[in-house]
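First comes the structure, then the notes that go with it.
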Amino acid sequence: MSTASDFNTRREGYSLRIWPRLAKAGSCSSVPLGCGRLAPLIHGSRRGLHSCAVTRLASWRQRSICLALGSGLLFLAACSKEPTEKEPIVPVQVAPVEKTTIQHTVVAEAVLFPLAQSAIVPKISAPVKTFLVKRGSHVREGELLAVLEHQDLAAAAVDTKGTYDQAQATYEISTGADLPAEMQKAQLETQAAKQLLDAQQKVYDSRQELFQQGALPRKELDQAGVDLTQARNKYAMAQKHLEAMQAIGKQQLLKSAAGQLESAKGKYLGATAQLSYSEIRSPMDGVIADRPLYPGEMAAAGSPLLTVMDVSQVIARAHIPQPDAALLKLGDKATITTPGENQPTEGKVTVISPALDPNSTTVEVWVQAKNPEQRLKPGTSVQLSMLARTIPEALVIPAASLLTAEDGTTSVMLAGSDNRAHQKPVKVGVHQGDQVQIVEGVQASDRVVASGAYGLPDNTKIKVEEQKPQKDQNEKSSRGAEK
């Protein structure tokens, strides 16, 4: 069994082991923040103190140990408190709100069409004798492009030409020859009646002179008057008959001859036209875009044989919403951006449809542009940029600084003088490339967070960083690509 002296001996040895540890813990820097490892030690110390009080064996050294242990516990508790967390500072890039001139541009996808196009369709069905052009050939208006087989048409034209010449000769003979027999008889009767009238007039005049001299009786003078009257009536009837023959007979004769001539002429012209249809000519200046047949193949009437396009100018046709179309007017400037081309082509608005497309409820707009080098190909999908209006002294910010919420509201983060970001609702106007017009919400002296605004809470402390030059960024990107 252990005696009291053995217990005191063990207690003193325990105190001698604890004291160096407490002395070592005098500096907070040597003690870790977590003092949980001393819990068993402290608990054992308290149990020893209790045992000393109960047994009344504690000495002044043990009381000193207890006091030192309590002070150490308070000191360790003070050192175990963690420091307060610092407020984070977010690095951002800012851009000033600029007052400048901005343009409202209507952008739409379009398809290119030629200025004019003609699908040449033959009017007759015949084999192709020869082609004088190929795809890509430049042609002029009236230029001969192809010839169809036409031997039968040429023979028909020769036949009708002979018939026409014969009818023309007959007409000339009919108009230049003497009158027919009845016409001649009427003329002779008229001449005889005239001569008889003249003779009777002389007889009457001589008898009247003798009667006045008393050398002739009255009866003979009256008989001469009757003969004169009969001769005059006969001459009048012959004259009327001759005039009727001349008016009716000659008119019908000329009409018949003219009819035969016109009929022959019509047949000749028809045959000549059929023959001309075998020659295919260009209806306009342009370039051959399509030639589906080869020489010797059958060209059917009504099927395109050649296609000619005028590509000296092109027309871009686009369908845009009605609100955008309401801002445009004829003559507005526009540009056509073609894939693969560095420089856009300038043009102007030439057509704004007065009615909406019933299927898409959009308005068709045409933009016409010159194409001297024929770089713009019909059928290409292009992008149209049409200048609708110009707004001077507009407040403009970078498009990247504009924040759009789920409900559609827009806002920006303003960089305040207190080095904090403040969210401000704004009203947006015109978009132009990477710039946005702000109608309401900012002033020209404000600065907006251009980079780093997304997800940034309101009233966050920020640090403004300088924007790196575009040249340096391009060099870094090129170096990264080389690596």
Side-chain angles (χ1 to χ4, degrees), residues 122-126 142 148 150-279 281 283 301:
K123 294 184 178 181
I124 60 174
S125 298
L148 307 180
H150 58 275
Q151 295 179 357
D152 54 341
L153 299 177
V158 172
D159 183 24
T160 55
K161 180 65 166 58
T163 305
Y164 172 64
D165 293 340
Q166 183 179 1
Q168 190 172 10
T170 303
Y171 177 78
E172 292 177 355
I173 293 173
S174 300
T175 55
D178 296 334
L179 296 175
E182 293 184 0
M183 186 73 66
Q184 294 178 359
K185 183 180 179 181
Q187 290 178 349
L188 293 174
E189 290 178 354
T190 302
Q191 293 176 2
K194 178 63 175 172
Q195 294 174 0
L196 179 59
L197 176 60
D198 293 340
Q200 292 295 332
Q201 184 69 39
K202 291 179 179 179
V203 171
Y204 178 78
D205 292 340
S206 63
R207 287 186 179 183
Q208 187 177 13
E209 184 178 355
L210 292 174
F211 174 75
Q212 291 178 355
Q213 294 177 0
L216 186 70
R218 179 75 182 184
K219 180 179 179 182
E220 292 182 4
L221 178 61
D222 294 339
Q223 184 63 40
V226 172
D227 294 339
L228 178 61
T229 301
Q230 291 178 354
R232 185 180 288 113
N233 294 337
K234 186 176 181 180
Y235 173 72
M237 291 179 61
Q239 185 69 26
K240 289 182 180 180
H241 179 67
L242 178 60
E243 291 177 356
M245 290 294 296
Q246 290 177 346
I248 298 175
K250 189 174 182 179
Q251 183 179 1
Q252 296 298 326
L253 180 63
L254 293 177
K255 184 181 292 185
S256 176
Q260 294 178 1
L261 178 62
E262 291 296 329
S263 176
K265 184 178 180 181
K267 292 179 181 179
Y268 170 65
L269 294 178
T272 304
Q274 289 290 324
L275 180 61
S276 66
Y277 294 156
S278 62
E279 296 181 349
R281 298 184 179 273

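Distance alone, capped at 3.5 Å, is enough to place a donor-acceptor pair between the R207 side chain and the E220 backbone. Under a 3.5 Å cut-off, the side chain of S263 and the backbone N or O of Q260 do not form any donor-acceptor pair. With T160 contributing its side chain and A156 its backbone, the two residues share a donor-acceptor pair below 3.5 Å.
Within a 6.0 Å sphere centred on CD of Q213, other residues, nucleotides and ligands contribute more than 12 heavy atoms. Remark: Q208 CD is packed, more than 12 non-hydrogen atoms of other residues, nucleotides or ligands lying under 6.0 Å away. No more than 12 heavy-atom neighbours from other residues, nucleotides or ligands sit within 6.0 angstrom of CD on Q166.
Side-chain contact between L153 and L148 is absent, with no heavy-atom pair separated by less than 4.5 Å. In this structure, the side chains of K267 and Y164 stay at 4.5 Å or more apart for every pair of heavy atoms. Between Y268 and D159 the shortest side-chain heavy-atom distance does not fall below 4.5 Å. Residues K194 and Q239 form no side-chain contact, since every pair of their non-hydrogen atoms from C-beta on lies 4.5 Å or further apart.
For the atom pair OG (S276) and NZ (K123), the distance works out to 8.0 Å, reported to the nearest 0.5 Å. Taken to the nearest 0.5 Å, the OH atom of Y235 stands 9.5 Å off from the CD atom of Q191. Taken to the nearest 0.5 Å, the CG atom of D198 stands 10.0 Å off from the CG atom of L228. Between the CG atom in L269 and the CD atom in E262 there is a gap of 9.5 Å [rounded to 0.5 Å].
The nearest pair of heavy atoms linking K234 to L196 is CD-CD2, 4.4 Å. Of all the heavy atoms in H150 and L275, the pair that sits closest is CD2-CD1, 3.5 Å. Of all non-hydrogen atoms in A224 and V203, the two that sit nearest each other are CB-CG1, 4.3 Å. Smallest separation of non-hydrogen atoms from T190 and A238: OG1-O, 2.9 Å. Taking each heavy atom of S125 and A301 in turn, the nearest pair found is OG-N, 3.0 Å.
For the side chain to side chain contact (heavy atoms under 4.5 Å, CB included) with Q200, the qualifying choice from V226, D227, T229 is D227, the only one to do so.
Qualifying side-chain hydrogen bond (donor to acceptor under 3.5 Å, both in side chains) partners for D165, counting only residues two or more places apart in sequence or in other chains: K161.
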